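Order of the sequence lines fixes the chain letters, A, B, ..., with proteins taken first and strands second; residue numbering starts at 1 for each chain. Here the structure is a predicted model, which means the values were calculated and not measured.
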There are 2 protein chains.
Amino acid sequence: MPADTFAVLAEPTRRRILDALRRGDRTVGDLAAALAVSQPAVSKHLRVLREAGFVTARPAAQQRVYRIEPGPLRDLDAWLAPYRALWERHLDALETLLDEEER
Amino acid sequence: MPADTFAVLAEPTRRRILDALRRGDRTVGDLAAALAVSQPAVSKHLRVLREAGFVTARPAAQQRVYRIEPGPLRDLDAWLAPYRALWERHLDALETLLDEEER
DNA sequence: CAGGCATATACGCGTCAAGGCATGTACGGA
DNA sequence: TCCGTACATGCCTTGACGCGTATATGCCTG
């Protein structure tokens with residue numbers, strides 16, 4: 001699992017790109033127009049996302065269609081898993097705390 | 001939801017702090033020793049984590065005991081939710097793809 | 001094969017944050 | 001009250017990153 005998954009997602013523009021791709025594949029120009037960002041900036045972000053496995057590119061004539069990939073997001077989900085106990089067993093923890101304070 | 005949640009988690013040392021706190025509350029000195037990081041560095045990271053709501057501090061004499069808080073991690077879980085369809089309905093998507101390619 | 005379109009890369013600038021070192025602050029023990 | 005402990009904060013340097021502008025690469029059309 002690449003450790004820089006969070007660093008990739010730390011960029012708001014990259015998250016907006018992922019959010020756009022979540023609803024369907026897009027070309028670079030589409031993304032640049034939809035996000036109101038310069039085309040080179042979009043290309044650079046797509047490169048980062050691609051090298052981290054978040055997206056893949058498929059050539060279509062002069063354009064390249066980008067598609068979101070689930071892999072790194074599944075890794076994120078897996079990383080989050082052990083922490084889920086913090087709130088899923090929250091009632092249990094609350095009970096434990098009250099028990100301790102009763103003593 | 002604070003947008004810098006990912007930026008906070010982008011730091012490996014901060015993730016290690018959270019991982020340590022996941023198993024129980026710790027003092028600053030404990031964390032510095034356990035992670036082999038200088039004490040000021042730990043304090044700075046704890047400040048970032050605290051201001052982002054990941055942890056809270058409880059004074060105990062001269063030391064301060066830090067505890068992990070579920071809030072921001074729940075936000076992360078919520079952010080991840082719409083993307084979960086990418087792999088949970090993966091079989092459905094595969095079927096759709098095959099249907100399209102059959103035409 | 002020349003020209004235009006879509007995308008990728010190179011360069012320079014400004015910003016920001018991590019780390020170490022030194023110092024400040026608060027609490028407790030002698 | 002004075003000193004030592006535990007933690008926080010300030011200053012400084014360094015490296016990484018995002019953005020825009022300019023330029024290079026690839027592909028299609030006439």
Side-chain angles (χ1 to χ4, degrees), chain A residues 1-21 24-69 72 76 79, chain B residues 2-21 23-69 72 76 79:
Chain A
M1 163 177 54
D4 51 317
T5 298
F6 288 98
V8 173
L9 294 174
E11 255 302 313
T13 304
R14 284 197 281 266
R15 290 202 301 274
R16 294 206 301 152
I17 290 177
L18 285 182
D19 190 61
L21 289 180
D25 303 357
R26 303 275 174 170
T27 67
V28 180
D30 286 349
L31 290 171
L35 307 181
V37 182
S38 77
Q39 174 266 315
V42 173
S43 284
K44 290 178 193 175
H45 284 304
L46 285 172
R47 176 187 185 134
V48 175
L49 289 168
R50 176 163 25 93
E51 290 180 344
F54 283 91
V55 300
T56 52
R58 156 174 49 101
Q62 308 136 344
Q63 1 196 21
R64 310 216 173 164
V65 182
Y66 277 84
R67 161 170 301 180
I68 194 171
E69 295 290 338
L76 178 61
W79 178 89
Chain B
D4 52 320
T5 298
F6 288 97
V8 172
L9 294 174
E11 255 303 311
T13 304
R14 283 197 281 265
R15 289 201 301 276
R16 295 205 300 150
I17 290 177
L18 285 182
D19 190 61
L21 290 180
R23 306 175 185 182
D25 302 358
R26 304 274 175 171
T27 67
V28 181
D30 286 348
L31 290 170
L35 307 181
V37 183
S38 76
Q39 174 265 314
V42 173
S43 284
K44 289 179 190 175
H45 284 305
L46 285 172
R47 177 187 183 137
V48 174
L49 288 168
R50 178 163 23 94
E51 291 180 344
F54 284 91
V55 300
T56 52
R58 157 173 49 102
Q62 307 137 344
Q63 357 197 19
R64 308 216 173 165
V65 182
Y66 277 83
R67 160 170 300 180
I68 194 171
E69 295 290 339
L76 178 60
W79 178 88

(message) In this structure, how many angstroms lie between the P atom of dA24(D) and the CZ atom of R47(A), rounded?
(response) 18 Å
(request) Kindly state each residue pair satisfying salt bridge (charged side-chain N to carboxylate O under 4.0 Å, His left out) with at least one member in residues 53-65 of chain A, sequence neighbours excluded. (result) D25(A)-R58(A)
(request) Send over the distance from I17(A) CD1 to dG18(D) C1', rounded to a whole Å. (result) 12 Å
(request) Provide, to the nearest angstrom, the distance between the CZ atom belonging to R26(B) and the P atom belonging to dA6(D). (result) 17 Å
(request) Kindly state which residues belonging to residues 53-66 of chain A come within less than 4.0 angstrom of DNA chain D, counting heavy atoms of the residue only, listed by number. (result) A61(A), Q62(A)
(message) Output the rounded distance in Å from CZ (F6(B)) to C1' (dG18(D)).
(response) 19 Å
(request) Kindly say if S43(B) contacts the phosphate of dC7(D), meaning a side-chain N or O under 4.0 Å from OP1 or OP2. (result) no
(request) Using a 4.5 Å cut-off on heavy atoms from C-beta on, say whether the side chain of L46(B) contacts that of L31(B). (result) yes
(message) Any heavy-atom pair between the side chains of L49(B) and L21(B) that's under 4.5 Å?
(response) no
(request) Send over the distance from K44(B) NZ to dC11(D) P, rounded to a whole Å. (result) 11 Å
(message) Looking only at the side chain of T13(B) (C-beta and beyond, no hydrogens), which of the listed nucleotides dA22(C), dC7(D), dG19(C) gets closest?
(response) dG19(C)
(message) Between R16(A) and L35(A) (side chain of the first, backbone of the second, donor and acceptor by atom type, cut-off under 3.5 Å), is there such a pair?
(response) yes
(request) Name the closest nucleotide to the H45(A) side chain, picking from dG20(C), dG18(D), dA8(D). (result) dG18(D)
(message) From C-beta outward on Q39(B), which listed nucleotide comes closest to its side chain: dA8(C), dA8(D), dG19(C)?
(response) dA8(D)
(request) Take the protein atom CG of L35(A) and the nucleotide atom P of dC19(D), then report the distance between them rounded to whole Å. (result) 11 Å
(request) Starting from the 5' end of DNA chain D, give me the residue, V37(A) or D30(B), whose nearest nucleotide shows up first. (result) D30(B)
(message) Whole angstroms only, please: what is the CZ-C1' distance between R50(A) and dT7(C)?
(response) 10 Å
(message) I need the K44(A) NZ to Q39(A) CD distance, nearest 0.5 Å.
(response) 10.0 Å
(message) How long is the straight-line distance from CZ of F6(B) back to CG of L76(A), given to the nearest 0.5 Å?
(response) 6.5 Å
(request) Kindly point out which of dG20(D), dA18(C), dC7(D) is positioned nearest to the side chain of R14(B)? (result) dA18(C)
(request) Please determine, for the side chain of P40(A), which listed nucleotide (dC11(C), dA8(C), dT9(D)) has the closest atom? (result) dA8(C)
(message) What I'd like to find out is whether the side chain of T13(A) reaches to under 4.5 Å of the side chain of V42(A), using heavy atoms alone.
(response) no
